[in-house]
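Chain A is the first sequence line, chain B the second, and so forth, proteins listed ahead of strands; every chain is numbered from 1. Basis for what follows: all heavy atoms, side chains included, without hydrogens, waters or symmetry-related copies.
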Amino acid sequence: MNSKLQTLQGMHDRLPDNMKKRQWVIQRITSVFEKYGFEPMETPAIEYWEILSGKDVYGDEEKLIYKFQDRGRRDVGMRFDFTVPLARVVSSYPDITMPFKRYQIQTVWRCDKPQYGRFREFYQCDVDIVGTESVIAEAELIMVVSEIFEAVGFKKFMTKINSRRLLQTICEYSGVDKSKEFELFRAMDKRDRIGIDGVKENFEVLGLSKETKEKIISSLGQPIAQLEKLLPNKEGIAQVRTLFSHLENLGCNMKHIMFDPWLSRGFDYYTGPIFETIIEGTKVGSVAGGGRYDNLIGKFNDKDIPAVGISIGLERVLMVMDKLDMNPKFASPVKFLVTLFDDPTTKYALQVAKDIRNSGVGVEVYPEAIKIGKQFKYASRKKIPFVVITGPDEFKTHSVAIKDMKSGTQEVIKLAKLNTWLQKKLEIRK
RNA sequence: GUGGGUAUAGCUCAACUCGGUUAGAGCGCUUGCCUGUGGAGCAAGAUGUUGCCGGUUCAAAUCCGGUUACCCACCCCA
C-alpha cells in the first residue's frame, strides 16, 4: 500500500496469470500470421522525435506521443504505433524483399487519459503488406484477422469494410469542399455512438449546405448497387466489390464481413480500403482496425511505395475474453513436483528429478524439505498433476511414490521401471 | 486536454450522511485436529500508519484543501 510503489498512470504490471493468457493469444495470432507468409520484426521503443513528428503523420494525435530529451539532449519520443517505424525501416533498407510482409507485436505508448479499454502502455499486433497496390493484400489481411478471431474462440465478431476512395467520391458528388473532407469523416465515424441525428448535428458545425447534407446522408443509406448507379466515379465501389470477391475466393466466412459506408476511421493517412473489427455485445470499441495508406512511406523516402496494414488491439481482446468468460484452461508445462523429504534423501530426489526430466517433461523440485503437506499444497495451487515422493522408504527400496493429484491415487514404482511407467503415462496424455 | 465519481485487511466490501470507546464482515492466509500427502470438514489465530501530505477540531476513516492512482463520460483511439 506504499504509494511510492505505484506504477505510472495507465501502465500495468503483467503478472503470470495475465501473461499466460496473453501468450496463449499471441501464439494463436502469430501462427495465423506465419501461415500467410508474414515474418516477425521489432523496432526500438524510442525513435528520434523528428521521425515521429516530422512528417505530420499523426496530425492532432501527435500531442499524445511521449516526448523527452535523452542524456545526449536529443529530442526523442516513444513508439506511438508501428506504422511510422515500418515506414522508416522500409525507407532505410532499400534491398528489402517486396512485397514486404511483416508482423510486429510489441508495446506502444500513448499519453492518453486512461479509461475503459484504454491504457498508456499497451500491446498492439500489427500486420502489414508493403509494396503492392493489389487488393489481394487487403483481402489477405482481413482473412488473417478473421482467422485469428475464430482461432481465439470468438463467435460474434464483425469486420466492417469501406473505402476512403468511395467516401471521397461521395463527397465530390455531394459538393463537400476538399478541405472539409477529413472533418466530415470524423463526424461520420461517430454514428454508432451518437446516431444519425447526432452526426447531422455535427455536420452543422462544418457549415455544409442543406442540399449537401441530404445528399451525403441519402448516399450513405443506399445499398451498394444503388450507389454504383448514383456516383459518377466508380473506382471506390469497384475496389469494395473486388475486395469482397477476393475474400469469397479465399474462403472467408462472409458472415463476419460487411460493407459499411459509414465507416471512415480516424487517421488522416488512409487512401483506399479501410476496415475495422468489433466484437458484438461489448462496449470496448474496435478490437482491430486498419486500411491502405499509399502515400505515407513516400513521406520518408520520396518514393511512392503502396502499403496496407491492420492492427489488433491485444489488450482489448484480452478484456473481451475476460468479460465473455472465455479464458482458456492452461495445462501446467510442469507435470511433476518432486518433493524434498530430508537432507539424507535430497541427493536421491534430485537424481529422480533428473531422470524424469530426461524423459522430456517439465519437473519442479521443491527447494526446501518443509512439511510434506505444504509441498502438496504448492503442487495443487500450481496445478501440477503428479507429486513424487522420494523419502527414506523409497530410497531403501529403490523406488518412488507418485501421486496422481487429480484422482488422488498413489502408486509405488521401482526405479528400474520408472521409464516405462513414464512412457505409458505420456502416451495416455497425448 | 475538459467534466464527474472513488480510494478502508491479500481480495470484495461495511462503518462516512450527522466527527465521539478497541475500524468490522465474508473470502483468502497461518496454525492445529493429521509428527509421510493438497482439495472437504471442524477449531483457533494474525490482519490495517483508513492511498499520500497538510488544515479545522478537545477529538478525523468520517469535515476542508492539495496530491497520486483508479473508475466513468467527452475528445480521440487498439
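Rounding to whole angstrom units, CD of residue Glu61(A) and P of C76(B) are separated by 9 Å. Atom CG of Leu8(A) and atom C1' of U67(B) are 15 Å apart (whole Å). Between the CG atom of Asp13(A) and the P atom of A69(B) there is a distance of 15 Å, given to the nearest Å. Whole-Å rounding puts the Ile148(A) CD1 to A78(B) C1' distance at 14 Å. If you take CD1 of Ile312(A) and P of A78(B), they are 12 Å apart, rounded to a whole angstrom. To the nearest angstrom, P of A78(B) lies 15 Å from CG of Leu141(A). In this structure, Phe275(A) places its CZ atom 12 Å from P of A78(B), rounding to the nearest Å. Atom CG in Asp17(A) sits about 14 Å away from atom C1' in C11(B), given to the nearest Å.
Residue contacts shown for Tyr116(A) are limited to sugar-phosphate atoms, with no base heavy atom under 4.0 Å away. Heavy atoms of Phe267(A) sit under 4.0 angstrom from primed sugar atoms or phosphate atoms, though from no base atom. The residue Gly290(A) sits apart from the nucleic acid: no heavy atom pair falls under 4.0 Å. Arg110(A) comes within contact range of at least one nucleobase, with a heavy-atom separation under 4.0 Å.
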Using side chain to side chain contact (heavy atoms under 4.5 Å, CB included), reason through Val363(A) and Lys335(A) one step at a time and then give a plain yes or no.
CA-CA 6 Å; Val363(A) 178; Lys335(A) 301 299 179 202; over 6 Å; no
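Nucleotides U62(B) and U6(B) are separated by 14 Å at their P atoms, to the nearest Å. Across the C1' atoms, C53(B) and C71(B) are found 23 Å apart, a figure rounded to whole Å. To the nearest whole angstrom, the two P atoms, one in A61(B) and one in U68(B), are 24 Å apart. Nucleotides C13(B) and C18(B) are separated by 23 Å at their C1' atoms, to the nearest Å. A9(B) and A23(B) have their P atoms separated by 14 Å, with the value rounded to a whole Å. For C29(B) and C11(B), the C1' atoms lie 11 Å apart once the distance is rounded to whole Å.
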Nucleic acid footprint by protein, nucleotides 34-42 of chain B - heavy-atom cut-off 4.0 Å, B for base, S for sugar-phosphate alone
--BBBB---
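Across the strands present, A69(B) finds its partner in U6(B); the criterion is a Watson-Crick or G-U wobble pair with both atom distances under 3.5 angstrom.
Nearest nucleotide to the Arg118(A) side chain, out of C75(B), C77(B), G3(B): C75(B). Set against A78(B), C77(B), C70(B), the side chain of Pro114(A) has C70(B) as its closest nucleotide.
Of the two residues contacting RNA chain B, namely Lys113(A) and Gly289(A), the nearest-nucleotide position lying further toward the 5' end is that of Lys113(A).
For Ser407(A) and Thr409(A), the side-chain atoms include at least one donor-acceptor pair closer than 3.5 Å. Inspection of the Asn18(A) and Arg22(A) side chains reveals an N or O donor paired with an N or O acceptor under 3.5 Å.
Ionic pairing of Lys67(A) and Asp75(A) is not present here: no N-O contact between side-chain nitrogen and carboxylate oxygen is shorter than 4.0 angstrom. The pair Glu364(A)-Lys382(A) counts as a salt bridge, with a side-chain nitrogen and a carboxylate oxygen less than 4.0 angstrom apart. Between Arg120(A) and Asp112(A), none of the side-chain N atoms (NZ, or NE/NH1/NH2) sits under 4.0 Å from a carboxylate O, so this pair counts as no salt bridge.
The side chain of Gln115(A) contributes an N or O atom lying less than 4.0 Å from OP1 or OP2 of A73(B). Arg265(A) has a side-chain polar atom (N or O) that falls below the 4.0 Å cut-off from OP1 or OP2 of A78(B). Put simply, Arg316(A) has no side-chain N or O that comes within less than 4.0 Å of OP1 or OP2 on C77(B).
Two rings, from His12(A) and Phe119(A), have their centers less than 6.0 Å apart. The six-membered or imidazole ring of Tyr103(A) lies away from that of Phe38(A), with a centre-to-centre distance of 6.0 Å or more.
Annotation: cation-pi geometry satisfied between Arg28(A) and Trp24(A) (NZ/CZ under 6.0 angstrom from ring centroid, within 45° of ring axis).
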